[in-house]
Amino acid sequence: MKDRDAESSAVLSEGLKTQLANYVAVSDIEDSLSDGKEKLQLEPMPEARLLGVDLNQVAW
């Protein structure tokens, strides 16, 4: 996820992390915004891939 405004990115990131935390199978939710980066990278865990979950199903 990218946004030209770092503040908007932080708000979007927190919202996405909050929503992802509602799923029992989702854990270790992190972002890299504290590193000064203005994007959020998602990568399904190997277990999710085995179940057929890919980024197209979790990203919007």
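None of these values were measured; they are calculated from a predicted model.
Residue Glu30 holds its CD atom at 11.0 Å from OG of Ser13, rounded to the nearest 0.5 Å.
The cluster map of Ile, Leu, Val, Met, Phe, Trp and Tyr, joined by side-chain heavy atoms under 4.5 Å apart, puts Met45 and Val53 in different clusters.
Between Lys17 and Leu20, every side-chain heavy-atom pair lies at or beyond the 4.5 Å cut-off.
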